[in-house]
Protein chains: 2
Amino acid sequence: MKPESLSSRPTSRLPREESLGYQVNHLARLLERALRLRIEEHGVVPGQFAQLLALYEQDGLTQRELCERVQIEQPTMAYTLQRMERDGLVHRVPDPHDRRQAKVLLSDRARELQEPLVAAAGEVNDLATRGLDVPEVAALLGTITRLIENLESIGRS
Amino acid sequence: MKPESLSSRPTSRLPREESLGYQVNHLARLLERALRLRIEEHGVVPGQFAQLLALYEQDGLTQRELCERVQIEQPTMAYTLQRMERDGLVHRVPDPHDRRQAKVLLSDRARELQEPLVAAAGEVNDLATRGLDVPEVAALLGTITRLIENLESIGRS
DNA sequence: TTGACATACATAGCAAGCTATGGATTAATC
DNA sequence: GATTAATCCATAGCTTGCTATGTATGTCAA
């Protein structure tokens, strides 16, 4: 009995329900929507969320450091930081020792949002994983991490 | 020993690595990139992929029907179909019985792309799931499906 | 010290997703 | 039959992601 990987199916058909890429994309959009509904009252949008989490861990990172931690390309980060600055979540302080870069610092408002934002993310997680037991969720996160490692390793090989 | 769900953690910290939403978003972007690199030679982009799969299953769907199958909002589909028409992948034939709608039909070129596109998706799936055994991948897809059902059910409740 | 390379950030242009809204056509109701 | 409601699609405006490219600053070597 052959393993029958997804790519070795006999015909050229590929139902969406069996397509990993489609399912992951769909899930990502649903999670983003659920998060958006719970954080918009705080004037935050999903694309700013990971940046805020990173700055809660360590404030004053540079744009480059944020890119590495959040795993977002630099131009995307540049625009996101512009919107976050516009929305009063961060401000940037030029580094006097290296005028190419600037430290990104949380505003007071952003710091006050930490609790409700993390709570909102927890709500979404709980909602999404309703009916699943703890090992199942752990297995999910573990498998996702392995896929991410697989996909990131191709750039480095 | 308490279950300790993601939302009931003691502090207000939420490492990205433990955040379901972040990890799923990250994985989705990596899968999209891997697919893009493999299909761009055929003049197709990731956002057109699910639509093509749906039309390979059944040609001549309306925009509305495509939205339901691909689970994309109607305005997004409208723009994507415009680009697909521009790129010579589909054309639209007005329905004489209901002038509000039109059937979306695959071009010859699009039909010829079915084999290589499905092969490309298979390659990405195999690459992403390298080192995982078949039950592990099946469990992943099954769990993802359950999360999708959980998140979709909130709109209907 | 200066010319070449490297690094940090910004900008342009595009894709792909969303919500909100509008216009045209069909269906339903009075 | 006329009005109202529902349906289908298009458009506007936004966010979030990407690649490609430009500009300014810093670094290093000749």
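Chain naming here is simple, since letters A, B, ... match the order of the sequence lines and numbering starts at 1 in each.
Between the side chains of Q63(A) and Q101(A), no donor-acceptor pair of N or O atoms lies under 3.5 Å.
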N/O-N/O pairs, protein side and nucleotides 2-4 of chain D side, under 3.5 Å:
none

Close N/O contacts between protein and nucleotides 5-8 of chain C (under 3.5 Å):
residue : atom : partner : partner atom : Å
dT7(C)  : O2   : R100(A) : NH1          : 2.8

Please write out the pairs of protein N or O atoms and N or O atoms of nucleotides 18-23 of chain C separated by less than 3.5 Å, giving the distance to one decimal.
residue : atom : partner : partner atom : Å
dC18(C) : OP1  : R29(A)  : NH1          : 3.1
dC18(C) : OP2  : E73(B)  : N            : 3.1
dC18(C) : OP2  : T76(B)  : OG1          : 3.1

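If you find the closest nucleotide of DNA chain C to G47(B) and to A78(A), the one lying nearer the 5' end belongs to A78(A).
Screening residues 22-38 of chain A for salt bridge (Lys or Arg N to Asp or Glu O under 4.0 Å), with sequence neighbours left out, gives E32(A)-R36(A), R33(A)-E73(B), R38(A)-E123(A). Note on residues 58-67 of chain B: pairs passing salt bridge (Lys or Arg N to Asp or Glu O under 4.0 Å), not counting sequence neighbours, are D59(B)-R111(B). Within the structure, salt bridge (Lys or Arg N to Asp or Glu O under 4.0 Å) contacts touching residues 40-53 of chain A (residues at least two apart or in different chains) do not occur. Under the salt bridge (Lys or Arg N to Asp or Glu O under 4.0 Å) criterion, the residue pairs touching residues 78-89 of chain B are E85(B)-R92(B), with sequence neighbours excluded.
Among the atoms of the strands shown, none is found under 4.0 Å from any heavy atom of D87(B).
Residue N25(B) places at least one side-chain N or O closer than 4.0 Å to OP1 or OP2 of dG17(D). Contact check, R86(B) against dA15(C): a side-chain N or O comes under 4.0 Å of OP1 or OP2.
With sequence neighbours left out, the salt bridge (charged side-chain N to carboxylate O under 4.0 Å, His left out) criterion links D95(A) to no other residue. In terms of the salt bridge (charged side-chain N to carboxylate O under 4.0 Å, His left out) criterion, E112(A) has no residue partners (sequence neighbours excluded). In this structure, the side-chain contact (heavy atoms from CB on, under 4.5 Å) partners of Q58(A), at least two apart in sequence or on a different chain, are L61(A), R69(A).
The stretch residues 38-46 of chain B touches DNA chain C through V45(B), P46(B), each having a heavy atom under 4.0 angstrom from the strand.
Cluster note: V93(B) groups with L105(B) through ILVMFWY side-chain heavy atoms spaced under 4.5 Å, whether in direct contact or through intervening members.
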